[in-house]
**Student:** 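Here you go, one structure.
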Protein chains: 2
Amino acid sequence: MEHRPPVISLTATQEPPVYGQGMQSRSPASRTGRPRSATADAAILAATRQALVDLGWSKLTLGDVATRAGVAKTTLYRRWAGKNELVVDAVAELFDELELPDSGSLAADIEGVVLQFAAILARPEAKSGLMAVVAEATHDDALRERIRASVVDRQKRLVLEGRCRAQERGELPPEPDSESASRTADLIFDMVAGAVVHRTLVSAEPADEEWVRSFTRVLLQGLGT
Amino acid sequence: MEHRPPVISLTATQEPPVYGQGMQSRSPASRTGRPRSATADAAILAATRQALVDLGWSKLTLGDVATRAGVAKTTLYRRWAGKNELVVDAVAELFDELELPDSGSLAADIEGVVLQFAAILARPEAKSGLMAVVAEATHDDALRERIRASVVDRQKRLVLEGRCRAQERGELPPEPDSESASRTADLIFDMVAGAVVHRTLVSAEPADEEWVRSFTRVLLQGLGT
DNA sequence: GTGCTTTCGCTACGAGACGTAGCGTAACGC
DNA sequence: GCGTTACGCTACGTCTCGTAGCGAAAGCAC
């Protein structure tokens, strides 16, 4: 599952779509031949999530996923390099629904986002899948970058938008310089995501409304509002 | 690696030591026969940590650990039920060194503990091992309980001690009732551990002194000191 | 010392997943 | 229709798993 073999493209075209996914990110005009089935992609990712629920990370096998999705095992290997990449893409789709509510106050905005985040993390496929790939990413830089791009940045954007909106409303002081602004955003992001993840996965307690309210109160007061 | 077979004890003695570890926790007088080698235990756990560094979780095999430790594979299986339990014990030892410093002020105490915690999490064997077993624990209650007992509680104790000490010094208000005291302690714990874990593993940035100072400032101000 | 008990190292084994190769067929663009 | 690519299927060698069985070693009771 490690050594990517050459993957030589017989003609000198760029980048065979192997490993790709991530929507239309590959060559803008993959022109000739039979196109890949988008249905198969969706079925595979859905089957992966279901397999995560039923089996967990360690017992999940690519052969089983292929069977569930109704595709051949070889089809699966033509698109993903291995279990890690497949699960990242499968889990990343869960975070598509994350949106920043416009509730009128910073506290309400934060509570809304955190509740959404908590709801996603409460799903068993997110729990086992996300933590496992993060663990694998500790010794696989490419995988970490893949997670950052398709999962983390999507969350972080909400923090930046929320702060910007709060500053326009005067609920948060403007940052003196962009350097410290970036550091503060990183800190907030780690505190929010970290607390929810730890609550849900390690403490194994639900991040319900009451908890989110307490957490938001501490965070906002700590940020000096 | 799943179905524990009967493990019938021919004589009707209690609890064959399988799965045990956790020091002298097994039957107080395991009297007769050749005793288990404590040296082997230590060698196996050390070899497990080194294998985590070299290979990461998914590529770590019990056969390889046995070779590294200089013991037979069967010896390893006689003591641990599988990879999960072995790694939990190997990682748990890393947290033995956690201690609450007595620095005179709450802020300094917190910063000290968080820095210790961050130093442990910075080690590659802690990163990959801890996250992987947490992921596995999402669908294995016994494993989660094992993690809670040997890792989480050891950390949580520091939060409780630190708060108690701060209340004696008057730096934190006493809690009105034990119910809310418990909830607040849980919240603090999730915030501290979660933020450090997220910073170290997901954001992949060091939780250095500067970061810890910023974090502590936000946390303490949020707690109303 | 002599036994009794348990652990140890070693070898061998079937089961299962991995990841690939090869083939014939199906679907699209020109 | 033709070229090109994706698809389903089968088969294969390799690796790890977890266990069984054996003889030898290391303690304790007597």
Side-chain angles (χ1 to χ4, degrees), chain A residues 1-13 15-21 26-27 29-41 43-44 51 55-86, chain B residues 1-21 26-27 29-41 43-44 51 55 57-86:
Chain A
M1 198 195 285
E2 187 58 14
H3 46 80
R4 281 280 82 210
V7 185
I8 41 166
S9 48
L10 299 180
T11 71
T13 67
E15 181 115 12
V18 167
Y19 202 102
Q21 216 268 340
R26 60 173 175 272
S27 52
S30 116
R31 56 239 133 240
T32 176
R34 175 178 177 176
R36 289 196 168 169
S37 161
T39 312
D41 265 335
I44 291 172
L55 308 171
W57 164 267
S58 63
K59 294 203 200 358
L60 180 147
T61 72
L62 295 197
D64 183 70
V65 170
T67 305
R68 289 169 185 259
V71 301
K73 194 171 59 160
T74 44
T75 297
L76 216 158
Y77 276 104
R78 285 186 190 105
R79 306 186 186 202
W80 285 277
K83 202 162 144 175
N84 292 337
E85 291 77 12
L86 173 62
Chain B
M1 199 194 280
E2 187 59 12
H3 47 80
R4 281 281 80 209
V7 186
I8 41 166
S9 48
L10 299 180
T11 71
T13 66
Q14 79 283 28
E15 181 114 11
V18 169
Y19 203 103
Q21 214 270 340
R26 58 174 175 272
S27 52
S30 123
R31 55 237 131 243
T32 176
R34 176 178 176 174
R36 289 197 169 167
S37 161
T39 311
D41 265 336
I44 290 172
L55 308 172
W57 164 266
S58 64
K59 294 201 198 1
L60 181 149
T61 71
L62 296 197
D64 184 71
V65 169
T67 306
R68 288 168 185 261
V71 304
K73 193 171 60 162
T74 42
T75 298
L76 215 158
Y77 275 103
R78 285 189 191 102
R79 306 184 186 203
W80 285 277
K83 201 161 144 176
N84 292 337
E85 291 77 12
L86 174 62

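Throughout, protein chains are lettered first and strands after them, A, B, ... in sequence-line order, and every chain is numbered starting at 1.
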**Student:** Name the residue closer to the 5' end of DNA chain D, choosing between B:L60 and B:P35 according to the nucleotide with the nearest heavy atom.
**Tutor:** B:L60
**Student:** Provide the closest heavy-atom pair for B:V65 versus B:A51 in the form atom of the first, atom of the second, distance.
**Tutor:** CG2-CB, 4.1 Å
**Student:** Write down the distance between OH (A:Y77) and P (C:dA17), rounded to a whole number of angstrom.
**Tutor:** 11 Å
**Student:** Quick one: A:R34 CZ to C:dA27 C1', roughly how many Å, whole number?
**Tutor:** 5 Å
**Student:** For B:D64 and D:dC17, give me the distance from atom CG to atom C1', rounded to whole Å.
**Tutor:** 14 Å
**Student:** Given C:dG29, is OP1 or OP2 found less than 4.0 Å from the side-chain N or O atoms of A:T32?
**Tutor:** no
**Student:** One pair to check against side chain to side chain contact (heavy atoms under 4.5 Å, CB included): B:Y77 and B:L86. What are the steps and the verdict?
**Tutor:** CA-CA 10 Å; B:Y77 275 103; B:L86 174 62; over 6 Å; no
**Student:** Calculate the interatomic distance between A:K59 atom NZ and D:dT16 atom C1'; express it in whole Å.
**Tutor:** 15 Å
**Student:** Give every donor-acceptor pair under 3.5 Å between a side-chain atom in residues 67-75 of chain B and any protein atom, sequence neighbours left out.
**Tutor:**
| from | atom 1 | to | atom 2 | distance (Å) |
| --- | --- | --- | --- | --- |
| B:T67 | OG1 | B:G63 | O | 3.0 |
| B:R68 | NE | B:D64 | OD2 | 2.6 |
| B:R68 | NH1 | B:D54 | OD2 | 2.9 |
| B:R68 | NH2 | B:D54 | OD2 | 3.3 |

**Student:** Between C:dC18 atom P and A:K83 atom NZ, what is the distance in whole Å?
**Tutor:** 7 Å
**Student:** D:dA6 base to A:R36 side chain: any donor-acceptor pair below 3.5 Å?
**Tutor:** no
**Student:** Using a 4.0 Å heavy-atom cut-off, write out nucleotides 9-15 of chain D from 5' to 3' as B (base contacted by protein), S (sugar-phosphate only) or - (no contact).
**Tutor:** B------
**Student:** Answer yes or no: is there a donor N or O on one side and an acceptor on the other, between the side chain of B:K83 and the main chain of B:L60, under 3.5 Å?
**Tutor:** yes
**Student:** Figure out the CG/P separation between A:L76 and D:dA6, and round it to whole Å.
**Tutor:** 15 Å
**Student:** If every non-hydrogen atom of B:I44 is compared with every non-hydrogen atom of B:L76, which pair is closest and at what distance?
**Tutor:** CG2-CG, 4.2 Å
**Student:** In whole Å, what is the span from the CG atom of A:D41 to the C1' atom of D:dA6?
**Tutor:** 12 Å
**Student:** Give the minimum heavy-atom separation between B:R36 and B:R78, together with the two atoms involved.
**Tutor:** NH2-O, 3.3 Å
